[in-house]
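Read through the structure below, which is laid out as structure tokens, and then see the notes.
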Amino acid sequence: MCGIYGFCGFDDDGLLGRMARRIVHRGPDGTGEHAAPGLRMGMQRLAIIDLAGGWQPVFNEDKSVAVINNGEIYNYLELRDELAAKGHVFRTQSDTECIAHGYEEWGLDCVKHFNGMFAFALHDARTGDLFIARDRCGQKPFYYWKDAFGRLVFASEVKAILECGHVPRACNLAAIDPYLALRVVPEPQTMFQDIFTLPASHRMVRKADGSVRID
């Protein structure tokens, strides 16, 4: 199953660990973390592909790109051959490494090359950008909270986001009617005030200046 989580735009030394503990059930095989100025992100791993070498985060050749991923890229073997032919050097056998090199090769459009179920977060140290994407059918969950000060908190489950003291713990009253009528809360709303889900087949880019674009 796996789970990813992280935050940027502020500092909280204990937050990443608290988030990890809240969703440890999603990935009991191990924990991976990545830290950069103004950013922390991590993942709980349920090892399936490349059991020994596929620990996350996964990096590109010079470690300027770091990726955490919940899911699976089904066509990763084909992508691996294509990207290797273009000169990219692989250090693992994991499908997640194709995201790192795919981003190097195709930028934000790399998601158009991925066939799979995924929700990933990618940090580009060269620009300071955080790039997030969710699969076409929304099979893998991704929730986030952001504010006007450039702070962003994200995770595979809302309970991890609620570990952050900046996030209000309040019900989204506007979601009650659609939930009672449809038994589902339409995206991007959730049952929690100011916490949203990234819609299926969407990308989010959080720039180094704190601005966020979703498309």
**Asn172 and Gln193 side chains, donor-acceptor separation under 3.5 Å** = no
**Asked** Looking at side-chain heavy atoms only, is the closest gap between His34 and Leu39 below 4.5 Å?
**Response** yes
**Message:** Can you list everything that forms a salt bridge (Lys or Arg N to Asp or Glu O under 4.0 Å) with Arg21? Sequence neighbours excluded, please.
**Reply:** none
**Prompt:** So, do Ile214 and Leu198 sit near enough that their side-chain heavy atoms are less than 4.5 Å apart?
**Reply:** yes
**Prompt:** Is it true that Val167 and Leu15 fall in one hydrophobic cluster, defined by side-chain heavy atoms closer than 4.5 Å?
**Reply:** yes
**Item:** Ring geometry between His166 and Trp145 (parallel below 30°, tilted from 30 to 60°, perpendicular above 60°)
**Value:** parallel
**Item:** Ala155 to Met19 - nearest heavy-atom pair and separation
**Value:** CB-CE, 4.2 Å
**Request:** Compare all side-chain heavy atoms of Val205 with those of Leu130 and state whether any distance is below 4.5 angstrom.
**Result:** no
**Asked** Quick check: does any side chain N or O of Arg40 sit under 3.5 Å from a backbone N or O of Phe7, one acting as donor and the other as acceptor?
**Response** no
**Asked** Please walk me through it: do Ser94 and Asn69 pass side chain to side chain contact (heavy atoms under 4.5 Å, CB included)?
**Response** CA-CA 11 Å; Ser94 75; Asn69 177 45; over 6 Å; no
**Prompt:** Can a salt bridge be assigned to the pair Asp12 and Arg18 using a cut-off of 4.0 Å between side-chain N and carboxylate O?
**Reply:** yes
**Asked** Around Asp13, counting heavy atoms of other residues, nucleotides and ligands shown, do more than 12 lie under 6.0 Å from its CG?
**Response** no
**Item:** salt bridge (Lys or Arg N to Asp or Glu O under 4.0 Å) against Lys63, all qualifying residues, sequence neighbours excluded
**Value:** none
**Message:** Hydrophobic cluster membership, with links at side-chain heavy-atom distances under 4.5 Å among I/L/V/M/F/W/Y: are Val185 and Leu180 in one?
**Reply:** yes
**Asked** Between Gln44 (side chain) and Gly27 (backbone), is there a donor-acceptor pair under 3.5 Å?
**Response** yes
**Request:** Of all the heavy-atom pairs spanning Arg136 and Asn115, show the shortest one and how long it is.
**Result:** NH1-CA, 4.4 Å
**Asked** Would you say Asp81's side chain and Ala85's backbone share a donor-acceptor pair under 3.5 angstrom?
**Response** no
**Message:** Tell me if the NZ atom of Lys140 is crowded by more than 12 foreign heavy atoms within 6.0 Å.
**Reply:** yes
**Heavy-atom check, side chain of Met191 versus side chain of Tyr179, under 4.5 Å** = yes
**Message:** When you compare the side chain of Pro141 with that of Thr197, does any pair of heavy atoms fall below 4.5 Å?
**Reply:** no
**Message:** So which atom in Gly42 and which in Ile68 form the shortest heavy-atom distance, rounded to 0.1 Å?
**Reply:** O-CD1, 3.3 Å
**Request:** Would you mind telling me which of Gln139, His202, Glu187 makes a side chain to side chain donor-acceptor pair (under 3.5 Å) with Arg134?
**Result:** Glu187
**Asked** With side chains defined as the heavy atoms from C-beta onward, is the minimum distance between Leu83 and Trp106 less than 4.5 Å?
**Response** yes
**Message:** Show me the pairs that pass salt bridge (charged side-chain N to carboxylate O under 4.0 Å, His left out) and involve residues 108-129, at least two apart or across chains.
**Reply:** Asp109-Lys112, Asp109-Arg203, Asp124-Arg126, Asp129-Lys207
**Message:** For residues Val212 and Ile132: do they belong to one hydrophobic cluster (side chain heavy atoms under 4.5 Å, members Ile, Leu, Val, Met, Phe, Trp, Tyr)?
**Reply:** yes
**Prompt:** Is there a side-chain contact between Val67 and Gln56, using heavy atoms and a 4.5 Å cut-off?
**Reply:** no
**Request:** May I have the step-by-step check of ring-ring contact (aromatic ring centres under 6.0 Å, His included) for Phe154 and Tyr143, ending in yes or no?
**Result:** CA-CA 6 Å; Phe154 65 87; Tyr143 299 94; over 10 Å; no
**Complete:** Scanning both residues in full, the closest heavy-atom pair of Tyr5 with Gly32 reads OH-O, 4.3 Å
**Verdict with reasoning, Leu152 to Tyr144, per side chain to side chain contact (heavy atoms under 4.5 Å, CB included)** = CA-CA 7 Å; Leu152 173 70; Tyr144 70 93; 4.1 Å; yes
**Prompt:** Which is it for Lys86 and Glu105 under the side chain to side chain contact (heavy atoms under 4.5 Å, CB included) test, yes or no, and what are the steps along the way?
**Reply:** CA-CA 9 Å; Lys86 294 177 180 292; Glu105 186 67 30; 3.4 Å; yes
**Asked** Which heavy atom of Asn60 sits nearest a heavy atom of Ala100, and at what distance?
**Response** N-CB, 4.2 Å
**Message:** Under a 3.5 Å distance rule, please check whether Asp135 uses its side chain to pair with a backbone N or O of Phe118 as donor and acceptor.
**Reply:** yes
**Message:** Checking the side chain of Asn70 only, and the main-chain atoms of Ile4 only, is there a donor and an acceptor separated by less than 3.5 Å?
**Reply:** no
**Asked** For Asp194, which residues count as a salt bridge (Lys or Arg N to Asp or Glu O under 4.0 Å) partner, sequence neighbours excluded?
**Response** none
**Item:** Shortest non-hydrogen contact between Ala160 and Ile23, atoms and distance
**Value:** CB-CG2, 4.1 Å
**Request:** Carefully, step by step, assess His113 and Ile73 under the rule side chain to side chain contact (heavy atoms under 4.5 Å, CB included).
**Result:** CA-CA 10 Å; His113 297 260; Ile73 308 299; over 6 Å; no
**Message:** My understanding is that only residues two or more places apart in sequence, or in another chain, count here; which of them pass ring-ring contact (aromatic ring centres under 6.0 Å, His included) with Phe192?
**Reply:** none
**Message:** If we ignore hydrogens and angles and just use 3.5 Å, is the side chain of Ser156 paired with the main-chain N or O of Phe142 as donor and acceptor?
**Reply:** no
**Complete:** salt bridge (Lys or Arg N to Asp or Glu O under 4.0 Å) filter on Glu157, not counting sequence neighbours, yields Arg26, Lys159
**Request:** For His101 and Glu97, test the side chains for any donor-to-acceptor distance below 3.5 angstrom and give the result as yes or no.
**Result:** yes
**Prompt:** Taking the six-membered ring for Trp, is the centroid-to-centroid distance between Phe120 and Phe131 below 6.0 Å?
**Reply:** yes
**Message:** Measuring only between side-chain heavy atoms, which start at C-beta, is Cys2 closer than 4.5 Å to Met43?
**Reply:** yes
